[in-house]
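Along the sequence shown, the residues carry numbers beginning at 1. Scope of the values below: all heavy atoms of this structure, side chains included, with no hydrogens, waters or symmetry mates.
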Amino acid sequence: MDNDQKGCEVSQPVGGWALSSVQARILEGVAAGFSSGRLSRELHLSSKTIDYHVRVMSDKLQAPNRVSLVSRAFVLQILRTDSWPPRIASETVD
């Protein structure tokens, strides 16, 4: 295993940052393929709020789009690989 891979094997919050419970629910929905509109209806938040949180998470994980965000979340073990629909690893939520 090279140094790059070692840095990605974490189950702790990334760079001292942990997801809020709202961000965790949004990330799970994004990973399941839900649109901002559907997430806004299900979570009773505006689409702009959903998009804001997706942007914040994308910035933190240096992901340019939703697909990259989900991929990085799996690689960093923020999302569990043993469930469907995707679920957040509990130790990454604040």
Practice task
Take L79 and R87 through the side-chain contact (heavy atoms from CB on, under 4.5 Å) test and state the conclusion after the steps.
Solution key: CA-CA 6 Å; L79 285 170; R87 294 289 174 234; over 6 Å; no
Exercise for the section: Take F34 and V30, measure what side-chain contact (heavy atoms from CB on, under 4.5 Å) needs, and give me the verdict at the end. Expected result: CA-CA 5 Å; F34 298 162; V30 169; over 6 Å; no
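For R66 and S36, the side-chain atoms include at least one donor-acceptor pair closer than 3.5 Å. Between the side chains of S46 and T49, at least one donor-acceptor pair of N or O atoms lies under 3.5 Å.
How far CD1 of I50 is from CG of L43: 5.0 Å, rounded to the nearest 0.5 Å. Taken to the nearest 0.5 Å, the CE atom of M57 stands 5.5 Å off from the CD1 atom of I26. The CG atom of L69 sits 4.0 Å away from atom OG of S58, with the distance rounded to the nearest 0.5 Å. Rounding to the nearest 0.5 Å gives a distance of 12.5 Å between CG of L27 and CZ of R72.
With sequence neighbours excluded, no residue forms a salt bridge (charged side-chain N to carboxylate O under 4.0 Å, His left out) with R25.
At least one cation-pi condition fails for R55 and Y52: the charged atom is not both under 6.0 angstrom from the six-membered ring centre and inside a 45 degree cone around its axis.
No side-chain donor-acceptor contact under 3.5 Å links S83 to the backbone of P86. In terms of modelled atom types and a separation under 3.5 Å, the side chain of E42 and the main chain of L39 share no donor-acceptor contact.
Taking 4.5 Å as the limit, every side-chain heavy atom of R80 sits out of range of all side-chain heavy atoms of I88.
Neither L61 nor V67 shares a network with the other; the hydrophobic side chains, linked directly or stepwise wherever heavy atoms of I, L, V, M, F, W or Y lie under 4.5 Å apart, form separate groups for each.
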